[in-house]
There are 2 protein chains.
Amino acid sequence: MALVKRYSKKREAILEVIQGTDIHPSAEWVYQRLKPEYPDLSLGTVYRNLTAFRQEGIIGSVGVICGQERFDRMVAPHTHFFCRGCGRVEDLFEVDNGEAVAQQAAEKFGLYIEQTRLTFEGLCEDCLQSEKKKLS
Amino acid sequence: MALVKRYSKKREAILEVIQGTDIHPSAEWVYQRLKPEYPDLSLGTVYRNLTAFRQEGIIGSVGVICGQERFDRMVAPHTHFFCRGCGRVEDLFEVDNGEAVAQQAAEKFGLYIEQTRLTFEGLCEDCLQSEKKKLS
DNA sequence: TTCGTTGCAAACATTTTGCAGTTTC
DNA sequence: GAAACTGCAAAATGTTTGCAACGAA
């Protein structure tokens, strides 16, 4: 572990990519996005920095979706929707995210809850239409 | 894909293992559990059957936790708690699991929601005590 | 000069898959 | 006998890590 943090242009760029999109990217996506501008960027560096950001609480994580961890520019808890058709992960704001329930559960079962994750899976409007067409 | 399903002793045993525990096992755990009784059991067979069970809706999945998919004997939606101390995954019954919220969100955003997953992460009572001791 | 950061490639862990032999029906 | 099922081992996938070179303070 690093005791003192030093500046790094690539680290800054990685953070900017995460914070500049709401698609909840994977490490690979961040890497592909930066590769043109930083031809000598390494995938390992992306992983190392994303993991550090997550541990420091600078970015969030939606969890593993289709085998890849998906990161989140938003740290504040909110609900997510994953479309199994197009693979999109959307934020669902103005929707309860289980925080209150967590509070209750913590008291009821004597748990110390640090994080709550509410995720819906299904089909977005577009993919639902496509699916209907295929079946008819 | 198999068009007609045939009987298999090992498949039956794999299902029994899942249905006989509430620890939400990984494929590896099921494999280790059955290996003594079925020395020629293959990990591939465990994966193949668990995946099929999940797709058929015979068993559930809690998602990927610490790099491994954890399966669930219960198909009906319910809330889970993952303790990052001991790795345990517990069912939290009698706790709202976001179904009602999913209904609302589906209407509001025009989504077709097939599955909702509410998971809390933190420390169970035991691990909280241990952590406190370590820090003092 | 120190030590944090990176590229690279190898290592790792989990899961999937191709194929030949076995089992069910 | 046809087709599903399995063991085995190799492959595929996503992620981590060791190390020497590089770069910031």
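Not measured: the values here are computed from a predicted model. Labels below follow one simple rule: chain letters A, B, ... track the order of the sequence lines, proteins then strands, and each chain is numbered from 1.
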Please identify each residue that fulfils side chain to side chain contact (heavy atoms under 4.5 Å, CB included) with [X], with sequence neighbours left out.
X: A:R84; value: A:F82, A:E121, A:L123, A:E131, B:E114
X: B:T51; value: B:R54, B:Q55
X: B:R11; value: B:K5, B:S8, B:N49, B:F53

Do A:E69 and A:S26 get their side chains close enough for a donor-acceptor pair, meaning under 3.5 Å?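 No, no side-chain donor-acceptor contact under 3.5 Å.
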Ignoring hydrogens and angles, state whether a donor on the side chain of A:R70 or A:Q68 is under 3.5 Å from an acceptor on the partner side chain.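 No.
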For DNA chain D, which residues in residues 6-32 of chain A have a heavy atom at a distance below 4.0 Å?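 When residues 6-32 of chain A is checked for heavy atoms under 4.0 Å from DNA chain D, the hits, listed by number, are A:R6, A:Y7.
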May I ask you to list the residues of residues 43-68 of chain B, by number, that have any heavy atom positioned under 4.0 Å from an atom of DNA chain D?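 B:T45, B:R48, B:N49 - these, ordered by number, are the residues of the stretch whose heavy atoms sit under 4.0 Å from the strand.
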ring-ring contact (aromatic ring centres under 6.0 Å, His included) involving B:Y7 - partner list, sequence neighbours excluded: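 Scan of B:Y7 (ring-ring contact (aromatic ring centres under 6.0 Å, His included), adjacent residues dropped) gives none.
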Short question: side chain of B:R73, backbone of B:L15 - any donor-acceptor pair under 3.5 Å?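 Such a contact is absent between B:R73 side chain and B:L15 backbone.
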Can you list, pair by pair, the side-chain donor-acceptor contacts under 3.5 Å of residues 95-109 of chain A, counting residues two or more places apart and other chains?
residue, atom, partner, partner atom, Å
A:D96, OD1, A:G98, N, 2.8
A:K108, NZ, B:E94, O, 3.4
A:K108, NZ, B:E94, OE1, 3.4

Sequence-distant partners of A:E28, side chain to side chain donor-acceptor pair (under 3.5 Å), two or more places apart: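 A:E28 satisfies side chain to side chain donor-acceptor pair (under 3.5 Å) with A:Q32 only.
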Partners passing side chain to side chain donor-acceptor pair (under 3.5 Å) against A:E16 (at least two apart in sequence or in another chain):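 Side chain to side chain donor-acceptor pair (under 3.5 Å) list for A:E16, sorted by chain: empty.
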Which residue pairs satisfy the ring pair (Phe, Tyr, Trp, His ring centres under 6.0 Å) criterion with at least one member in residues 14-50 of chain A, sequence neighbours excluded?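 Only A:H24-A:H80 qualify under ring pair (Phe, Tyr, Trp, His ring centres under 6.0 Å).
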By nearest nucleotide on DNA chain D, pick out whichever of B:V4 and B:D40 is the more 5' one.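 It is B:V4 whose nearest nucleotide is closer to the 5' end.
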Please report how far the helix from C:dT1-D:dA25 to C:dC25-D:dG1 bends, comparing the axis fitted to its first five pairs with the axis fitted to its last five, to the nearest 10 degrees.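 End axes: 30° apart.
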Passing candidate, side chain to side chain contact (heavy atoms under 4.5 Å, CB included) with A:S42, options A:D40, A:T45, A:V46: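 Filter result, single survivor: A:T45.
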Students should find this one: the first and last nucleotides of DNA chain D, 5' to 3', lying under 4.0 Å from a heavy atom of chain B. What are they?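 First and last nucleotides in contact are D:dA2 to D:dC8.
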